[in-house]
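A short write-up of the structure that comes next.
Note: hydrogens, waters and symmetry copies are ignored here, and every other heavy atom, side chains too, is used.
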Number of protein chains: 2
Amino acid sequence: MKKDVLKLENQICFPIYLCSKEIIRKYTPWLKELDLTYTQYIVMMYFWEKEKSNVKEIGNTLLLDSSTLTPLLKKLESKGYITRDRSKVDERNLEVMITDKGKKLKAKALSIPEKMGKCIDLSEEEATALYKLMYKILMNVERNDG
Amino acid sequence: MKKDVLKLENQICFPIYLCSKEIIRKYTPWLKELDLTYTQYIVMMYFWEKEKSNVKEIGNTLLLDSSTLTPLLKKLESKGYITRDRSKVDERNLEVMITDKGKKLKAKALSIPEKMGKCIDLSEEEATALYKLMYKILMNVERNDG
DNA sequence: TACAATTAATTTGTATACAAATTAATTTAA
DNA sequence: TTAAATTAATTTGTATACAAATTAATTGTA
């Protein structure tokens with residue numbers, strides 16, 4: 001009896017997809033207190049490390065299409081967390097910069113990683129192994145295409 | 001110097017989110033040949049195992065909200081892969097059933113898991129470890145809520 | 001047995017996601 | 001030096017996702 005390769009149970013991608021969704025669902029109420037969605041939170045984390053950037057750079061780091069970022073960044077701008085201005089050097093580029101309000105938001109987010117950590121509840125070794133596997137897959141998947 | 005818990009690099013959820021997205025992106029062109037999206041593919045895999053179901057059952061298995069499934073199932077119906085009919089026993093339930101055309105689609109999908117496996121490119125041990133970790137997280141995250 | 005509570009699916013509203021087409025600015029090359 | 005090619009961001013179109021509200025059917029109970 002040959003193994004059914006299309007059985008859901010035999011898929012490795014399916015649980016990754018589920019995990020991603022469930023984790024984001026878990027974040028949602030915590031992020032709601034900061035008036036952020038998960039993707040907006042990722043973008044804010046990016047700006048807590050890097051004061052100034054542009055759409056292309058953000059997209060390269062977060063693996064988000066510019067067409068996803070454009071409305072998202074407008075949203076963050078409307079909340080006062082970032083500014084959006086065309087570069088004077090090259091007007092094709094949009095300079096995106098975090099505001100003071102955006103920087104202050106970080107303090108409110110400080111408790112979230114620990115809460116999520118408790119929720120995920122992996123040992124140090126498990127988390128490290130998972131981390132490595134995820135980046136290995138990312139590397140491999142990206143190997144051949146753009 | 002204390003570790004910055006909000007650094008993107010220190011997040012375990014972020015690479016899971018990236019992996020999920022990148023894997024789905026990788027599936028897309030292969031599934032396009034079957035006229036399926038990734039979520040539609042998941043639902044079809046479900047029906048390749050279970051001929052008949054309903055919205056609630058599908059949602060419980062695939063962790064998809066009924067409001068996501070309603071339009072998706074209508075789409076699969078319009079492609080002729082499933083049928084949708086109110087149960088005569090309890091008209092609240094929608095009986096969803098795979099068609100012959102839907103069953104035949106499986107043959108065309110048979111090569112996809114191997115292609116994706118090559119793309120992910122993990123050893124047997126790595127894949128097993130990852131699989132276990134994903135289901136552990138799913139279990140843990142679901143522990144407290146509904 | 002009516003009426004309240006529950007249940008299943010749908011609708012509505014908001015926010016991703018990404019491919020493809022478009023726009024506008026800059027660079028390359030004939 | 002100007003037309004073609006490239007580049008960055010936006011717009012458009014389609015498809016998830018899920019919470020909250022709604023609708024319709026069934027069940028529980030006073």
Side-chain angles (χ1 to χ4, degrees), chain A residues 17-32 34-44 53-60 62-79 82 84-96 141 145-146, chain B residues 17-32 34-44 53-60 62-79 82 84-96 141 145-146:
Chain A
Y17 160 75
L18 292 185
C19 259
S20 175
K21 279 199 311 167
E22 290 306 293
I23 286 170
I24 290 171
R25 204 176 53 74
K26 197 79 190 180
Y27 269 120
T28 302
W30 303 335
L31 293 175
K32 198 163 190 173
L34 316 198
D35 191 23
L36 290 178
T37 63
Y38 180 68
T39 317
Q40 290 167 11
Y41 173 58
I42 295 290
V43 172
M44 288 312 296
S53 190
N54 58 60
V55 177
K56 190 182 170 63
E57 251 184 6
I58 303 168
N60 285 342
L62 307 183
L63 304 188
L64 285 169
D65 196 88
S66 62
S67 59
T68 301
L69 283 169
T70 293
L72 189 148
L73 293 172
K74 283 180 182 171
K75 204 88 200 183
L76 288 178
E77 184 189 36
S78 78
K79 296 182 203 224
I82 59 163
R84 297 166 65 256
D85 294 286
R86 287 285 167 185
S87 163
K88 267 158 201 150
V89 183
D90 184 340
E91 290 205 13
R92 288 174 302 181
N93 291 283
L94 190 78
E95 283 181 359
V96 187
V141 169
D145 58 31
Chain B
Y17 160 76
L18 292 185
C19 259
S20 176
K21 280 199 310 168
E22 290 305 294
I23 286 171
I24 290 172
R25 203 176 54 74
K26 197 78 189 182
Y27 268 120
T28 302
W30 302 336
L31 293 174
K32 197 164 189 173
L34 315 199
D35 191 24
L36 290 178
T37 63
Y38 180 68
T39 317
Q40 290 166 12
Y41 173 57
I42 295 290
V43 171
M44 287 314 295
S53 188
N54 59 61
V55 177
K56 189 182 171 62
E57 251 184 6
I58 303 167
N60 285 342
L62 307 183
L63 304 189
L64 284 169
D65 196 88
S66 62
S67 60
T68 301
L69 282 170
T70 292
L72 189 148
L73 293 172
K74 283 179 182 172
K75 203 90 200 180
L76 288 178
E77 184 188 36
S78 79
K79 297 181 202 224
I82 60 163
R84 296 166 66 255
D85 294 286
R86 288 285 167 183
S87 164
K88 266 157 201 150
V89 184
D90 185 340
E91 290 205 12
R92 287 173 302 182
N93 291 283
L94 190 78
E95 284 180 359
V96 187
V141 169
D145 57 32

Can you check the [X] [atom1] to [N] [atom2] distance for me, whole Å?
X       : N      : atom1 : atom2 : result
B:Tyr38 : D:dA15 : OH    : P     : 18 Å
B:Asp35 : D:dA15 : CG    : C1'   : 13 Å
A:Leu62 : C:dA17 : CG    : C1'   : 13 Å
B:Lys21 : C:dA19 : NZ    : P     : 10 Å
A:Lys32 : C:dT14 : NZ    : C1'   : 10 Å
A:Glu91 : C:dT27 : CD    : P     : 12 Å
B:Leu64 : D:dA19 : CG    : P     : 12 Å
A:Leu31 : C:dA15 : CG    : P     : 14 Å

The contact string for nucleotides 3-12 of chain C, one letter per nucleotide 5' to 3', using protein heavy atoms under 4.0 Å with B, S and - for base, sugar-phosphate only and none, comes out as ----BSSBBB
Results of side chain to side chain contact (heavy atoms under 4.5 Å, CB included) for A:Ser53 - residues two or more places apart only
A:Tyr46, A:Phe47, A:Lys50, A:Glu57, A:Ile58
Residues that B:Asp65 engages under side chain to side chain contact (heavy atoms under 4.5 Å, CB included), provided they are two or more places apart
B:Ser67, B:Thr68
Taken in chain and number order and not counting sequence neighbours, the residues that satisfy side-chain hydrogen bond (donor to acceptor under 3.5 Å, both in side chains) with B:Arg86 are none
Got a sec, which residues hit side-chain hydrogen bond (donor to acceptor under 3.5 Å, both in side chains) with B:Lys79, two or more places apart in sequence or on another chain?
B:Asp35, B:Gln40
From the set C:dT16, C:dA15, D:dT16, return the single nucleotide nearest to any side-chain atom of B:Leu72.
D:dT16
Can you list everything that forms a ring pair (Phe, Tyr, Trp, His ring centres under 6.0 Å) with A:Tyr41? Sequence neighbours excluded, please.
A:Tyr27
Check every strand shown and say whether B:Leu63 touches a base, only sugar-phosphate, or nothing at a heavy-atom separation below 4.0 Å.
sugar-phosphate
What nucleic acid atoms does A:Val89 come within less than 4.0 Å of, heavy atoms only: base, sugar-phosphate, or nothing?
sugar-phosphate
Closest approach of A:Ser66 and A:Val55, non-hydrogen atoms and distance?
CB-CG1, 3.7 Å
Show the nearest heavy-atom pair for residues A:Leu62 and B:Leu18, with the distance to one decimal.
O-CD2, 3.4 Å
Under 4.0 Å: is that the gap between some side-chain N or O of [X] and OP1 or OP2 of [N]?
X       : N      : answer
A:Tyr41 : C:dA15 : no
B:Tyr17 : C:dA17 : yes
B:Thr37 : D:dA15 : no

